[in-house]
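Structure, as structure tokens:
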Amino acid sequence: MTLDFVLHDAVLLAIQASLVGLTGAGIPRRLQRYATARWALILPLSIAVVVGAIALLPNVADVLTWVALILVPPGAALALGWAMRGARPPLALLAAPLLALAWASQTSAAGELAGAALAALSCVTLGRLLAGAAPGPWLKAGIVAMAIVDAILVFSQNLQQPNAVLNAAVPAPGLPQLQYASFGPANLGYGDLFVAGVLGGVMAVEGARAWRWALVTWALAEAWTLLFYVTDTIPATVPVAVALILRELLRARRAQPDAVGGEVAHGAHP
């Protein structure tokens, strides 16, 4: 918990939290035919399957780096041109210079931030698609389940080694690593960004004040980093799930007086 780490980590956590506010709502009609609650399973399985696969077959990490290199830049372009709030088709072209910077200047702060931006923006696209393809209640359950799986794996020391293998893997010498976000001594897994994008998609569908909850998510994430005083790795999906739970509790509390009032009025009706 040096000052250098705290500052760099705060930037990554701000990027993660911003996805809650950036993600838009709605998917093309042609994709709506594939809508099903099963898509929510992607959330917990995205951690459990990847960690298990790398633990059994470390070479899976090499495959995932290629998957990220191939799919993350187009996903970021889709976010800039369509998936995020305020997106415009011409903005999709910005993904190209971001990739060029992340590739040409991998060890500089600018290059690291460009790579983190690409990964984060691709999660905006995934969050919007998933929120449009699966019912909100199922996605909310999936977000909480993902955080639980993440916490179990981290605190049981079963995530650290596969995660280290994945972070160390490169598609080929000289190519950028887009399977996670790093900035100085701090890093966030792709799943940590993904879950925030999904929460943003859910809030966009429900018309929530997403930027307010983005700030809440960032504050919770910063508080959660106090665990770094006792451990080197923390499950960064947990603050996102806690933000969701807090919102659901507030919604239930606000709805309760209306329901009680409705019952009283109904009982007094002649």
Side-chain angles (χ1 to χ4, degrees), residues 1 5-6 8-20 23 40-55 60-61 64 68 116 119-120 122-123 126-127 130 138-169 177 179-203 213-249:
M1 288 290 284
F5 173 81
V6 169
H8 283 83
D9 190 55
V11 172
L12 288 183
L13 294 179
I15 291 174
Q16 179 196 36
S18 70
L19 303 187
V20 177
T23 308
L41 292 173
I42 291 177
L43 287 154
L45 291 178
S46 64
I47 287 184
V49 172
V50 168
V51 170
I54 295 176
V60 169
L64 292 176
S122 70
C123 289
L126 290 176
L130 204 55
W138 285 96
L139 283 179
K140 293 172 185 178
I143 289 171
V144 174
M146 183 177 184
I148 291 172
V149 170
D150 193 18
I152 290 173
L153 288 172
V154 168
F155 294 131
S156 65
Q157 303 293 315
N158 287 311
L159 181 138
Q160 284 81 337
Q161 182 58 31
N163 189 60
V165 172
L166 180 60
N167 290 354
Q177 298 171 287
Q179 70 271 23
Y180 73 108
S182 66
F183 186 44
N187 64 74
L188 277 179
Y190 192 85
D192 302 324
L193 300 171
F194 173 48
V195 72
V198 174
L199 178 57
V202 170
M203 291 198 174
W213 287 102
L215 289 173
V216 171
T217 302
W218 182 75
L220 290 170
E222 282 294 326
W224 189 240
T225 60
L226 292 175
L227 284 177
F228 279 126
Y229 282 110
V230 295
T231 182
D232 293 332
T233 305
I234 61 174
T237 56
V238 170
V240 178
V242 172
L244 169 63
I245 292 170
L246 286 176
R247 177 174 179 261
E248 293 302 304
L249 290 174

Problem set entry | Pairs flagged by salt bridge (charged side-chain N to carboxylate O under 4.0 Å, His left out) wherever residues 228-247 is involved - sequence neighbours left out | E206-R247

Exercise. Of all heavy-atom pairs between A236 and V240, which one has the smallest distance, and what is that distance?
Worked result: O-CG2, 4.2 Å

Problem set entry | OG-CD distance between S182 and Q177, expressed to the nearest 0.5 angstrom | 7.0 Å

Exercise. Among side-chain atoms of S46 and Y190, is any donor-acceptor pair under 3.5 angstrom?
Worked result: no

For this session: Quick one: list whatever passes side chain to side chain contact (heavy atoms under 4.5 Å, CB included) with A141, sequence neighbours left out.
Result: none

For this session: Return the set of residues passing side chain to side chain contact (heavy atoms under 4.5 Å, CB included) with A145 (not counting sequence neighbours), or none when no residue passes.
Result: P44

Exercise. Below 4.5 Å, heavy atoms only, C-beta onward: do I234 and T231 meet side chain to side chain?
Worked result: yes

Problem set entry | Main-chain N/O of A55 paired to Q161 side chain as donor or acceptor, under 3.5 Å | no

Problem set entry | Atom pair CE/CG of M203 and L244 - distance to nearest 0.5 Å | 6.5 Å

Exercise. Just checking, is any N or O donor in the side chain of D150 or T237 under 3.5 Å from an acceptor N or O on the other one?
Worked result: yes

Exercise. Mind checking whether L43 and F194 have side chains closer than 4.5 Å, heavy atoms only?
Worked result: yes

Exercise. Is the backbone N or O of W218 less than 3.5 Å from a side-chain atom of Q16, with the two atoms forming a donor-acceptor pair by type?
Worked result: no

Problem set entry | Smallest separation among heavy atoms of V216 and A243, with atom names | CG1-CB, 4.5 Å

Exercise. Quick one: which of L130, L139, V198 gives a side chain to side chain contact (heavy atoms under 4.5 Å, CB included) with I42?
Worked result: L130

Exercise. Taking it one step at a time, do L227 and V230 satisfy side-chain contact (heavy atoms from CB on, under 4.5 Å)?
Worked result: CA-CA 6 Å; L227 284 177; V230 295; 4.2 Å; yes

Exercise. Is it true that a side-chain atom of Q179 and a backbone atom of A61 form a donor plus acceptor pair closer than 3.5 Å?
Worked result: no

Exercise. Can you tell me if W224 uses its side chain to pair, donor with acceptor, with the backbone of P235 under 3.5 Å?
Worked result: yes

Exercise. If every non-hydrogen atom of L193 is compared with every non-hydrogen atom of A119, which pair is closest and at what distance?
Worked result: CD1-CB, 3.9 Å

Exercise. Is the closest side-chain heavy-atom distance between L13 and T225 below 4.5 Å?
Worked result: yes

For this session: Measure from the side-chain N and O atoms of D192 to the backbone N and O of G189, and report whether any donor-acceptor pair falls under 3.5 Å.
Result: yes

Exercise. Under 4.5 Å between any side-chain heavy atoms of V149 and L45, yes or no?
Worked result: no

For this session: Identify the two heavy atoms, one from G197 and one from T23, that lie closest to each other, and give their separation to 0.1 Å.
Result: O-OG1, 3.4 Å

For this session: Mind checking the OG1-CG spacing from T233 to N187? Nearest 0.5 Å is all I need.
Result: 8.5 Å

